Protein chains: 2
Amino acid sequence: MGRLFSGGLFCIGGAGRRIAFSFIFGSVESFFAYIASFVRLSEESREELTAVLRPMELPKGHSLLRPGGVCKHFYFIGKGLSRTYYFKDGKDVTDWISTEGSIAVSIISFLTHQPDIRGIELLEPSSLLAISHTDLEQLYTRFHDIERLGRLLISAGIIQLQQRFDDLHFASAHERYQRLIDTTPSLINRVPLGMIASYLGITQETLSRIRAQH
Amino acid sequence: MGRLFSGGLFCIGGAGRRIAFSFIFGSVESFFAYIASFVRLSEESREELTAVLRPMELPKGHSLLRPGGVCKHFYFIGKGLSRTYYFKDGKDVTDWISTEGSIAVSIISFLTHQPDIRGIELLEPSSLLAISHTDLEQLYTRFHDIERLGRLLISAGIIQLQQRFDDLHFASAHERYQRLIDTTPSLINRVPLGMIASYLGITQETLSRIRAQH
DNA sequence: AATAGCTTTTGACATATATCAAAAGCCGTC
DNA sequence: GACGGCTTTTGATATATGTCAAAAGCTATT
């Protein structure tokens with residue numbers, strides 16, 4: 001079935017389109033549609049990669065990574081929603097929000113194999129794909145094209161992170177909120193205000209007031 | 001000469017050690033010592049990679065990338081210092097500072113081949129290695145181990161960025177300054193205060209006051 | 001429909017940081 | 001060694017955002 005997407009025919013149209021597929025076909029197909037936008041894998045690589053994908057359906061509130069643990073998997077979100085969070089001075093900080101068609105991971109821990117303060121939890125019942133670091137390392141070594149895929153996935157990640165970094169660096173709370181609405185308006189109705197606020201680096205009260213003045 | 005470092009014998013000891021080498025042997029050797037901490041390249045890969053390195057000695061103030069341009073090279077700083085910067089509402093923002101033994105690049109532009117507001121300039125007379133995106137792409141395709149190197153370099157980059165992101169997310173100006181002193185104290189004496197301030201996401205006046213109270 | 005347990009809003013006030021302006025310090029050059 | 005052009009500090013004040021507390025709004029359950 002992954003075959004359907006391999007030619008790139010169905011990749012036109014970006015994220016929205018892919019989400020529709022995930023809804024119809026499930027996480028594995030959605031994942032292959034996603035990675036097809038990065039690299040054309042050989043038949044063998046695709047099979048081997050498929051073999052290490054662990055699909056799972058999990059309820060809202062489920063913890064994918066407990067704070068303080070080592071992140072041994074990354075998760076492709078076929079459907080649902082997750083957040084990466086940690087506690088800073090006793091306050092809950094939302095570090096990242098991952099929507100369908102994107103990846104949830106505690107990136108520093110995953111790359112360094114060291115424990116990290118970050119945890120990951122589901123904000124909605126979700127269908128995911130778990131990929132273990134160990135499996136991935138082996139695939140990297142065996143298949144050049146999967147190594148390339150890894151490079152391109154991280155590249156996409158660093159671009160997103162840099163953009164959020166820029167926002168935090170010198171944009172006002174108002175500007176950051178505006179950018180969020182422009183980029184991913186759907187989050188507003190799916191994520192509690194307090195989490196959105198800390199995602200933006202502000203308090204819930206401030207966000208509420210920003211929202212009040214349009 | 002690069003051979004000396006290939007066994008990893010000289011990689012023990014981290015950045016400080018590498019800087020000493022760059023001083024003695026020059027940027028190419030320093031670069032190979034740096035990447036040896038990521039991957040053991042084959043003889044052929046090392047030769048081909050060496051062939052595309054463009055060493056250069058440039059004066060303080062030299063512009064490596066003009067704001068608004070496409071970043072077609074990344075630069076390994078063998079000796080010297082650079083900053084990546086942009087203008088936000090007419091104000092000069094220092095986005096990143098690269099010291100000897102690290103890489104200077106406008107990462108979004110380099111990865112997407114799109115123009116970006118960021119520029120790069122030298123803060124000291126420097127000896128660099130320029131590596132073109134085009135050359136690198138070809139090496140990625142031809143050599144699995146260089147593709148891996150690319151993945152690991154970006155991985156190192158995203159870890160650093162995530163750490164700075166965390167700092168900006170919910171640390172006070174004071175905490176950020178403290179972390180800078182703990183991490184790279186040498187910058188204090190080499191970079192004008194205004195640039196350090198905007199690097200930390202605060203104004204020069206605030207940084208000066210923070211400094212005054214120890 | 002009343003209760004309980006949430007999330008969100010509003011209010012009063014505190015604080016960190018920014019802004020604008022001027023003074024002080026530093027450094028190389030004539 | 002005095003001048004001009006920098007960078008850095010200090011001062012007075014403004015502003016955005018945070019904090020703490022209470023009220024209001026939802027939603028599900030009994």
Side-chain angles (χ1 to χ4, degrees), chain A residues 59-61 81 83 85-95 97 121-125 164-181 185-214, chain B residues 59-62 81 83 85-94 97 121-125 164-181 185-214:
Chain A
K60 173 175 175 171
L81 195 60
R83 73 169 184 129
Y85 66 97
Y86 60 91
F87 294 96
K88 153 102 188 172
D89 303 332
K91 270 168 287 183
D92 180 314
V93 174
T94 296
D95 175 66
I97 296 172
E121 66 176 13
L122 295 178
L123 300 180
E124 293 179 357
R164 263 193 84 206
F165 178 86
D166 291 345
D167 236 30
L168 231 43
H169 203 177
F170 273 109
S172 68
H174 211 116
E175 287 174 301
R176 283 178 239 166
Y177 178 65
Q178 189 56 50
R179 179 137 349 162
L180 181 71
I181 310 184
S186 64
L187 290 188
I188 305 293
N189 310 306
R190 296 169 72 187
V191 181
L193 195 72
M195 292 179 189
I196 292 186
S198 88
Y199 175 79
L200 295 175
I202 59 184
T203 61
Q204 166 164 338
E205 294 93 328
T206 297
L207 179 53
S208 178
R209 281 182 247 265
I210 285 171
R211 217 147 71 140
Q213 30 175 123
H214 254 168
Chain B
K60 173 175 175 169
H62 183 91
L81 195 61
R83 73 170 186 132
Y85 66 97
Y86 59 91
F87 293 96
K88 154 101 187 173
D89 304 331
K91 268 168 290 184
D92 180 313
V93 174
T94 295
I97 297 173
E121 66 176 13
L122 296 179
L123 300 180
E124 294 178 355
R164 262 192 85 204
F165 178 86
D166 292 345
D167 235 30
L168 231 43
H169 203 178
F170 272 109
S172 67
H174 211 114
E175 288 174 301
R176 283 177 238 166
Y177 178 64
Q178 190 56 51
R179 179 140 348 168
L180 181 71
I181 308 185
S186 64
L187 290 187
I188 305 293
N189 310 306
R190 296 169 71 186
V191 181
L193 195 73
M195 292 179 188
I196 290 185
S198 88
Y199 175 80
L200 294 175
I202 59 183
T203 60
Q204 167 166 339
E205 293 92 328
T206 297
L207 180 53
S208 177
R209 281 183 248 265
I210 285 172
R211 215 146 73 142
Q213 27 174 127
H214 254 170

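Since we're looking at a predicted model, the values are computed, not measured. Chain identifiers are assigned alphabetically (A, B, ...) following the order of the sequence lines, protein sequences preceding nucleic acid strands; residue numbering begins at 1 within each chain.
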Pairs: protein N or O with nucleotides 24-28 of chain D N or O, under 3.5 Å:
none

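Under the salt bridge (Lys or Arg N to Asp or Glu O under 4.0 Å) criterion, B:Arg176 pairs with no residue at all, not counting sequence neighbours. Remark: A:Gln204 engages no residue in a side chain to side chain donor-acceptor pair (under 3.5 Å) (not counting sequence neighbours). A:Arg179 meets the side chain to side chain contact (heavy atoms under 4.5 Å, CB included) test with A:Asp167, A:Thr183; sequence neighbours excluded. Residues satisfying the side chain to side chain contact (heavy atoms under 4.5 Å, CB included) test with B:Phe170, not counting sequence neighbours, are A:Lys88, A:Val93, A:Ser198. Partners of A:Glu205 under the side chain to side chain contact (heavy atoms under 4.5 Å, CB included) rule, at least two apart in sequence or in another chain, are A:Thr203, A:Arg209. Not a single side chain to side chain donor-acceptor pair (under 3.5 Å) links A:Arg164 to another residue, sequence neighbours left out. The side chain to side chain contact (heavy atoms under 4.5 Å, CB included) check on B:Ser208 picks up B:Leu193, with sequence neighbours excluded. Not a single ring-ring contact (aromatic ring centres under 6.0 Å, His included) links A:Tyr86 to another residue, sequence neighbours left out.
Going from atom CG of B:Asp89 over to atom P of D:dA16 covers 14 Å, rounded to whole Å. The CG atom of B:Leu168 sits 14 Å away from the P atom of D:dT17 (whole-angstrom rounding). With rounding to whole Å, A:Ile210 atom CD1 is found 11 Å from D:dA16 atom P.
For DNA chain C, the neighbouring residues in residues 196-207 of chain B, judged by any heavy atom under 4.0 Å, are B:Gly201, B:Ile202, B:Thr203, B:Glu205, B:Thr206.
At distances below 3.5 Å, not a single donor-acceptor pair connects side-chain atoms of B:His169 with backbone N or O atoms of A:Phe165.
Reading DNA chain C from its 5' end, the first and the last nucleotide to sit under 4.0 Å from a heavy atom of chain A are C:dT8 to C:dA12.
Within the structure, every pair that satisfies the salt bridge (Lys or Arg N to Asp or Glu O under 4.0 Å) test and touches residues 189-201 of chain A, not counting sequence neighbours, is listed here: A:Glu100-A:Arg190, A:Glu124-A:Arg190.
OP1 and OP2 of D:dG18 both lie 4.0 Å or more from every side-chain N or O belonging to A:Lys91.
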